[in-house]
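Values in this document were obtained by computation on a predicted structure and should not be read as measured data. Letters A, B, ... are given to chains in the order of the sequence lines, protein chains preceding strands, and every chain is numbered from 1.
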There are 2 protein chains.
Amino acid sequence: MKVFLDALKQISPLSEKAIEAFSEMTKEEELSKGHLLIKAGTVCNYIYFIEAGLSRTFYYKDGKDVTDWISAEGSFAASVVSFITRQPDIRNVELLEPSRICAISYANLEKLYADYHEIERLGRLLVSYGLVQLQNRFDDLHFASAQERYMKLMNTQPSLINRVPLGMIASYLGITQETLSRIRAKV
Amino acid sequence: MKVFLDALKQISPLSEKAIEAFSEMTKEEELSKGHLLIKAGTVCNYIYFIEAGLSRTFYYKDGKDVTDWISAEGSFAASVVSFITRQPDIRNVELLEPSRICAISYANLEKLYADYHEIERLGRLLVSYGLVQLQNRFDDLHFASAQERYMKLMNTQPSLINRVPLGMIASYLGITQETLSRIRAKV
DNA sequence: CGCCGAGTTGAACTGAATCAAGAAACGTGG
DNA sequence: CCACGTTTCTTGATTCAGTTCAACTCGGCG
């Protein structure tokens, strides 16, 4: 759990009390590759922090598997829209590697928000940074070519290339596996 | 300013004191069509609420004008990434119609966050809903056809069609003006 | 009038998707 | 350690959605 708490502290300073409250509300788990953290069609009641390992968020569009998000160690995984709106959503989250994760429930997080102004602030900042990340990806998708997007991923998250199957990276970038394979061949 | 404060209250309840503090920190303005609220290359120091009117966020990619976001009355406008990260950004925000807006500065907002837990909460919720909106648009861009995207816009924000020039709607949807014109002709 | 911006239409072109085979790599059980 | 099937990745041929470039229409307005 240390990795998780350290990550939180780096976003916004927390008092000892708040940290303690956080760790009481969080449960740590070791799970195997392939484990489904969140199932499509249900309300996402947990947010997960990946202490070690790798996960991806995905859904099916016209029968095809689309990878929506990839979370490596040090980042969060959830069906964010469902978690916020409290509505079921089409997204699944699965582990791509055996992982150690920290899970905190919606109800517990709400309680922490209500009890600690400093945690509410932390939450606001976390969502804000999430928004910035998504906006960056959005911009790429908006007006960058397939190759530009792959290059950018190579630069920002090179480790993923070897850990995530090509097809998943392709749909993450919004292109087909074949196209990505060809782009790769050129470079 | 009433429209603004009402919108806030609807997101999360606020005490009289908090509302008063908010209205003291906010300045209301009437501005004409074409006015540039935020200029590319600068740090975005204000967030704007459109009480009446219309704005768009845009930038230049390879010399071409790209509309990133459109904010009608009842919604917010800003260069969100710049506002959060405190870094300059390529986005401009301009008014497409004469508008009445409420502006609140970064510094004032920070002060409100620090002084009022309830406002920090409001901020967290606002960013959360922004994230959900962006995720929805992202999903469209990710794996929906040009026509699907246009249809969805027609259904969710039909009023924009007549208020925003075609070229701006096109780049907002991630397509060219010609393509949008053809899609329109078919329907 | 004639110009100007906004939208439409046409024809040629292109990046990426699709469909279809194969070739590597990988893990599991014999 | 090898043989097997499965999954992952590559490569080729064809098709298609959307772009590009260019010309043309329409309505407004000085």
**Q** Tell me the interatomic distance from B:Met168, atom CE, to C:dA6, atom C1', rounded to whole angstroms.
**A**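 In whole Å, C:dA6 C1' and B:Met168 CE are 11 Å from each other.
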**Q** Taking five pairs at each end of the helix from C:dC1-D:dG30 to C:dC26-D:dG5, what angle separates the two helix axes (nearest 10°)?
**A**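 About 30° separates the two local helix axes.
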**Q** For B:Gln147 and D:dC16, give me the distance from atom CD to atom P, rounded to whole Å.
**A**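 In whole Å, D:dC16 P and B:Gln147 CD are 16 Å from each other.
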**Q** Tell me every residue that passes ring pair (Phe, Tyr, Trp, His ring centres under 6.0 Å) with B:Tyr113, counting only those two or more places apart in sequence or in another chain.
**A**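 Expected list: none.
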**Q** Starting at CD1 of B:Ile175 and ending at P of D:dT19, how long is that distance when rounded to a whole Å?
**A**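 In whole Å, D:dT19 P lies 6 Å from B:Ile175 CD1.
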**Q** Tell me, please, which residues at least two apart from A:Tyr59 pass ring pair (Phe, Tyr, Trp, His ring centres under 6.0 Å).
**A**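 Ring pair (Phe, Tyr, Trp, His ring centres under 6.0 Å) list for A:Tyr59, sorted by chain: empty.
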**Q** Of all the nucleotides listed (C:dG7, D:dT19, C:dT18), which has the minimum atom distance to the side chain of B:Gln177?
**A**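 Looking only at side-chain atoms, B:Gln177 lies closest to C:dG7.
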**Q** For B:Arg163 and C:dG7, what is the distance between atoms CZ and P respectively, to the nearest whole Å?
**A**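 To the nearest whole Å, that distance equals 15 Å.
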**Q** In whole Å, what is the span from the CG atom of A:Asp65 to the P atom of D:dT7?
**A**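 Distance, rounded to whole Å: 13 Å.
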**Q** Without decimals, in angstroms, what is the distance between B:Lys33 NZ and C:dG5 P?
**A**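 These atoms are roughly 13 Å apart.
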**Q** The side chain of B:Ser181 is closest to which nucleotide in this list: C:dT8, D:dT10, D:dG18?
**A**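 Looking only at side-chain atoms, B:Ser181 lies closest to C:dT8.
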**Q** With sequence neighbours left out, write down each residue that passes ring pair (Phe, Tyr, Trp, His ring centres under 6.0 Å) with B:His35, or none if nothing qualifies.
**A**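 B:His35: no ring pair (Phe, Tyr, Trp, His ring centres under 6.0 Å) contacts found.
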**Q** Quick one: salt bridge (charged side-chain N to carboxylate O under 4.0 Å, His left out) pairs with a partner in residues 20-35 of chain A, sequence neighbours left out?
**A**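 Listed once each, the pairs are A:Glu28-A:Arg100.
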**Q** Output all residues satisfying salt bridge (charged side-chain N to carboxylate O under 4.0 Å, His left out) with B:Lys111, sequence neighbours left out; order by chain, then residue number.
**A**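 Salt bridge (charged side-chain N to carboxylate O under 4.0 Å, His left out) list for B:Lys111, sorted by chain: B:Asp115.
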**Q** Would B:Tyr150 end up clustered with B:Phe143 when hydrophobic side chains under 4.5 Å apart are linked, directly or stepwise?
**A**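 As far as the 4.5 Å side-chain criterion goes, B:Phe143 and B:Tyr150 are not connected within one cluster.
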**Q** Could you list the residues that satisfy side chain to side chain donor-acceptor pair (under 3.5 Å) with A:Asn136, not counting sequence neighbours?
**A**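 Result, side chain to side chain donor-acceptor pair (under 3.5 Å) vs A:Asn136: none returned.
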**Q** Please state how far atom NZ in A:Lys186 lies from atom C1' in C:dA16, giving the value in whole angstrom units.
**A**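 Distance, rounded to whole Å: 11 Å.
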**Q** At under 4.0 Å between heavy atoms, how does the protein contact nucleotides 22-30 of chain D? Give one character per nucleotide, 5' to 3', with B, S or -.
**A** ---------
**Q** Where the side chain of B:Ala146 is concerned, which of D:dG18, D:dC9, C:dT8 is the nearest nucleotide?
**A**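 Per side-chain heavy atoms of B:Ala146, the pick is D:dG18.
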**Q** Once side chain to side chain donor-acceptor pair (under 3.5 Å) is applied, do any residues pair with B:Arg182, and if so which ones, sequence neighbours excluded?
**A**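 Applying side chain to side chain donor-acceptor pair (under 3.5 Å) to B:Arg182 gives none.
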**Q** Which sits closer to the 5' end of DNA chain C, B:Leu166 or B:Phe143, going by the nucleotide each is nearest to?
**A**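 Mapping each residue to its closest nucleotide by heavy atoms, the 5'-most match is B:Leu166.
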**Q** Please state whether the base of C:dG10 and the side chain of B:Arg182 form at least one donor-acceptor pair under 3.5 Å?
**A**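 Between C:dG10 and B:Arg182, which were checked side chain against base, a qualifying N/O pair under 3.5 Å is present.
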**Q** List, with names and distances, any nitrogen or oxygen atoms from the protein found under 3.5 Å away from nitrogen or oxygen atoms belonging to nucleotides 21-29 of chain C.
**A**
none

**Q** Below 4.0 angstrom from OP1 or OP2 of D:dT10, is there any side-chain N or O of A:Arg184?
**A**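 So the side-chain polar atoms of A:Arg184 do come within 4.0 Å of the phosphate oxygens OP1 or OP2 of D:dT10, strictly under.
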**Q** A:Ile183 CD1 to D:dT10 C1': how many Å, rounded?
**A**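 The answer, rounded to whole Å, is 14 Å.
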**Q** Is the shortest side-chain N/O distance from A:Lys64 to OP1 or OP2 of C:dT18 below 4.0 Å?
**A**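 Yes, A:Lys64 has a side-chain N/O under 4.0 Å of OP1/OP2 on C:dT18.
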**Q** Residues two or more places apart in sequence or in another chain: which of them pass ring pair (Phe, Tyr, Trp, His ring centres under 6.0 Å) with A:Phe83?
**A**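 A:Phe83 satisfies ring pair (Phe, Tyr, Trp, His ring centres under 6.0 Å) with A:Tyr106 once adjacent residues are dropped.
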**Q** Can you sort out the partners of A:Gln147 under side-chain contact (heavy atoms from CB on, under 4.5 Å), two or more places apart, ordered by chain and number?
**A**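 Result, side-chain contact (heavy atoms from CB on, under 4.5 Å) vs A:Gln147: A:Ser145, A:Met151, A:Ile183, A:Lys186, A:Val187.
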**Q** Step by step, would you call A:Lys64 with A:Asp62 a salt bridge (charged side-chain N to carboxylate O under 4.0 Å, His left out)?
**A** CA-CA 5 Å; A:Lys64 261 171 268 174; A:Asp62 305 334; over 6 Å; no
**Q** So, does B:Thr176 get its side chain near the phosphate of D:dG18, meaning an N or O under 4.0 Å from OP1 or OP2?
**A**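 Negative; the distance criterion is not met.
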**Q** Does the pair B:Asp139 and B:Gln135 meet the rule for a side-chain hydrogen bond (donor to acceptor under 3.5 Å, both in side chains), with working shown?
**A** CA-CA 6 Å; B:Asp139 290 346; B:Gln135 179 74 54; 3.0 Å; yes
